[in-house]
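Written out below as structure tokens is the structure these notes cover.
Throughout, a chain's letter reflects where its sequence line sits, starting with A, and its residues are numbered from 1.
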2 protein chains.
Amino acid sequence: MNEGSDSRQPSAPDRRLAAAAESQFRRFGYKRTTIDDITAEAGTGKGSLYLHFESKQAIYMAVVEASLERFVEAASRLVDGSEPVPTRLRSLVELTIEHYGHDELLCASLFGRSGLVDGEVARMAADFQRTRIRDLIRELIVIGQRERSVRAHVNADAAAAVLFEIGWAVVRTALEGDSQIPLEQALTTLNEIVGLGLLPRHD
Amino acid sequence: MNEGSDSRQPSAPDRRLAAAAESQFRRFGYKRTTIDDITAEAGTGKGSLYLHFESKQAIYMAVVEASLERFVEAASRLVDGSEPVPTRLRSLVELTIEHYGHDELLCASLFGRSGLVDGEVARMAADFQRTRIRDLIRELIVIGQRERSVRAHVNADAAAAVLFEIGWAVVRTALEGDSQIPLEQALTTLNEIVGLGLLPRHD
DNA sequence: CTGATGACCAAACTATGATATTGGTCACAC
DNA sequence: GTGTGACCAATATCATAGTTTGGTCATCAG
């Protein structure tokens, strides 16, 4: 069995299908990609797709999940860092802007403003991403509380939800280029407010 | 001249047109309200509308501006209060939720999720509302800094922009009923983070 | 003469029917 | 037993005819 440089290499069909799907979804978006597009690129018959994935939606979600894991790996390294929690939060926001600014597929499904994907599958993909990112924030708060660098009085779930909304607003504004103030200033101000609060401190 | 209880009372045509427009826009939304609807209710000819307002958009914006002033008056009373700034902020968020939950016309133009209004005029109306609310927040911060109850180090413009995004996210989530956590808890957590920050305090 | 009116019209929108496309299925071939 | 692609119901798209509407301005009334 020669498994050399043949471009139609005999890897598992589900792998080939997933890779073809990612390629087609990134080029045409969910709405315009057909099952025939995917299976032609994967070199399988149309019906074979349903041996491995339940539906067009299911293979799209698989692509979204794999794409998001790339982001989550980088983000987890930030969460595990040693800087103050607000600084790590700021870095997480920056990484999100950077990553989503380069990943049209994730961006389209999370913000839903393009013609590339809409309807139920877009909602599912967005919920998945939101939940995953919110979990990262929660983890960061719990770590901070364990390190005693975050006030113990803060409820981790509620704070994660609130901070997610905050970070998401900044990310959305940055990606839409629709900001009232420069991004750097917004991040700095956010860092201050989230870290130190508005009230005077007597540290 | 008997100006008694006649329903077609001889008030100024621009007043009658504005009132008729508000009535029709609230009932049918911008998209479905026609100029004939408005002028029929106002008791004028169709062309008379253009003696007082430049376009359908212009009369809609006049209605939005008048409606928003009702909200701003109540909100200004909060801003001028004497409680801690984060508490006033929280009250402002609560008032916004309350007011927008009852004003479908403002809500539709600000959030743009209904079929009542869309396109350029919705953007204009939303920008107007955002700017006005952001100004209220800025005023609150400046007052707090003057009272020395807000840290002087915070840039008022940047903080107003960031806090607006924060409050807006909470308002939107509350009105969409799509929250991960109870609203009361979100408001409490928001109050804590915005007021005290995440970092330990040695007050 | 001045201001109000509503008929008019170009542009936009809507409805409808015909046609094309596509996700999913399964009988058939290997 | 497994993979395939023809098939089909459901959905989407397109073309066309008809309707509606924002804005204009000639006309009329006071």
Side-chain angles (χ1 to χ4, degrees), chain A residues 1 8-25 27-64 109 114-125, chain B residues 1 8-25 27-64 109 114-125:
Chain A
M1 286 292 277
R8 181 80 64 85
Q9 58 185 352
S11 60
D14 59 336
R15 284 255 189 96
R16 290 203 323 273
L17 282 163
E22 179 161 355
S23 166
Q24 296 293 318
F25 286 138
R27 179 166 177 191
F28 297 108
Y30 176 85
K31 286 174 69 176
R32 292 186 178 192
T33 296
T34 66
I35 300 291
D36 279 332
D37 292 334
I38 296 169
T39 50
E41 181 173 329
T44 69
K46 189 171 173 185
S48 296
L49 187 138
Y50 298 93
L51 298 178
H52 305 285
F53 300 94
E54 194 175 307
S55 61
K56 183 180 179 182
Q57 284 191 7
I59 194 169
Y60 181 75
M61 286 303 300
V63 170
V64 167
S109 57
S114 67
L116 300 178
V117 61
D118 63 15
E120 191 195 348
V121 71
R123 268 190 293 277
M124 286 168 59
Chain B
M1 288 292 279
R8 181 82 64 86
Q9 58 186 353
S11 59
D14 59 336
R15 285 256 189 93
R16 289 202 326 273
L17 283 163
E22 178 160 358
S23 166
Q24 296 293 317
F25 286 138
R27 179 166 178 190
F28 296 109
Y30 176 84
K31 286 175 70 175
R32 293 184 179 195
T33 297
T34 67
I35 298 291
D36 279 333
D37 291 337
I38 296 169
T39 51
E41 184 175 326
T44 69
K46 189 173 175 184
S48 296
L49 187 137
Y50 298 91
L51 298 178
H52 306 284
F53 301 93
E54 193 175 306
S55 61
K56 185 181 180 183
Q57 283 191 7
I59 194 168
Y60 181 74
M61 286 304 298
V63 170
V64 167
S109 57
S114 68
L116 299 178
V117 61
D118 63 15
E120 190 195 347
V121 71
R123 268 189 295 276
M124 286 168 60

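The ring pair (Phe, Tyr, Trp, His ring centres under 6.0 Å) pairs that include a residue from residues 39-60 of chain B are B:Phe25-B:Tyr60, B:Tyr30-B:Tyr60, where partners are two or more places apart or lie in different chains.
In this structure, A:Asp36 CG and A:Gln24 CD are separated by 10.5 Å, a value rounded to the nearest 0.5 Å. Distance CE/B:Met124 to CE/B:Met61: 5.0 Å, rounded to 0.5 Å. To the nearest 0.5 angstrom, B:Ile35 atom CD1 is 6.0 Å from B:Lys56 atom NZ. Atoms CD1 and CG, on B:Ile59 and B:Leu17 in that order, are 5.5 Å from each other to the nearest 0.5 Å.
One atom, CD of B:Gln24, and another, C1' of D:dG22, lie 16 Å apart when rounded to the nearest Å. The CG-P distance, from A:Asp37 to D:dG5, rounds to 16 Å in whole Å. With rounding to whole Å, A:Glu120 atom CD is found 14 Å from D:dT11 atom P. The nearest whole Å value for the distance from the OH atom in A:Tyr30 to the P atom in D:dA12 is 11 Å. Distance NE2 (A:His52) to P (C:dT25): 15 Å, rounded to an integer number of Å. Between A:Phe28 atom CZ and C:dT21 atom P the separation is 15 Å, expressed in whole Å. To the nearest angstrom, C1' of C:dG3 lies 15 Å from CG of B:Asp14.
Each of A:Lys31 and A:Leu51 lies near DNA chain D, and the nucleotide nearest A:Leu51 is the one positioned closer to the 5' end. Nucleotides of DNA chain C nearest to A:Thr34 and B:Gly45 differ in position, and the one nearer the 5' end is that of B:Gly45.
Listed by chain and number, the residues in a side-chain contact (heavy atoms from CB on, under 4.5 Å) with A:Asp118 are A:Lys31 (sequence neighbours excluded). For A:Ser23, the side-chain contact (heavy atoms from CB on, under 4.5 Å) partners two or more places apart in sequence, or in a different chain, are A:Glu41. Judged as a side-chain contact (heavy atoms from CB on, under 4.5 Å), and not counting sequence neighbours, the contacts of A:Ala122 are A:Val117. With sequence neighbours left out, B:Thr34 forms a side-chain hydrogen bond (donor to acceptor under 3.5 Å, both in side chains) with B:Asp37. Under the side-chain contact (heavy atoms from CB on, under 4.5 Å) criterion, B:Glu54 pairs with B:Ala58, not counting sequence neighbours.
Secondary structure note: stems in DNA chain D built from 3 or more consecutive Watson-Crick or G-U wobble pairs under 3.5 Å occupy C:1-30 with D:1-30.
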Dump the pairs, protein N or O against N or O of nucleotides 10-14 of chain C, anything under 3.5 Å, distances to one decimal.
none

If you restrict it to nitrogen or oxygen atoms, what contacts under 3.5 Å exist between nucleotides 23-30 of chain D and the protein, and what is each distance?
from   : atom 1 : to      : atom 2 : distance (Å)
D:dG23 : OP2    : B:Tyr50 : OH     : 3.0
D:dG23 : OP2    : B:Lys56 : N      : 2.9
D:dG23 : O6     : B:Lys46 : NZ     : 2.8

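Within the 4.0 angstrom heavy-atom criterion, no nucleotide atom of any strand lies near A:Thr39.
Residues A:Gly45 and A:Thr39 approach most closely at O-CG2, 3.6 Å, considering heavy atoms.
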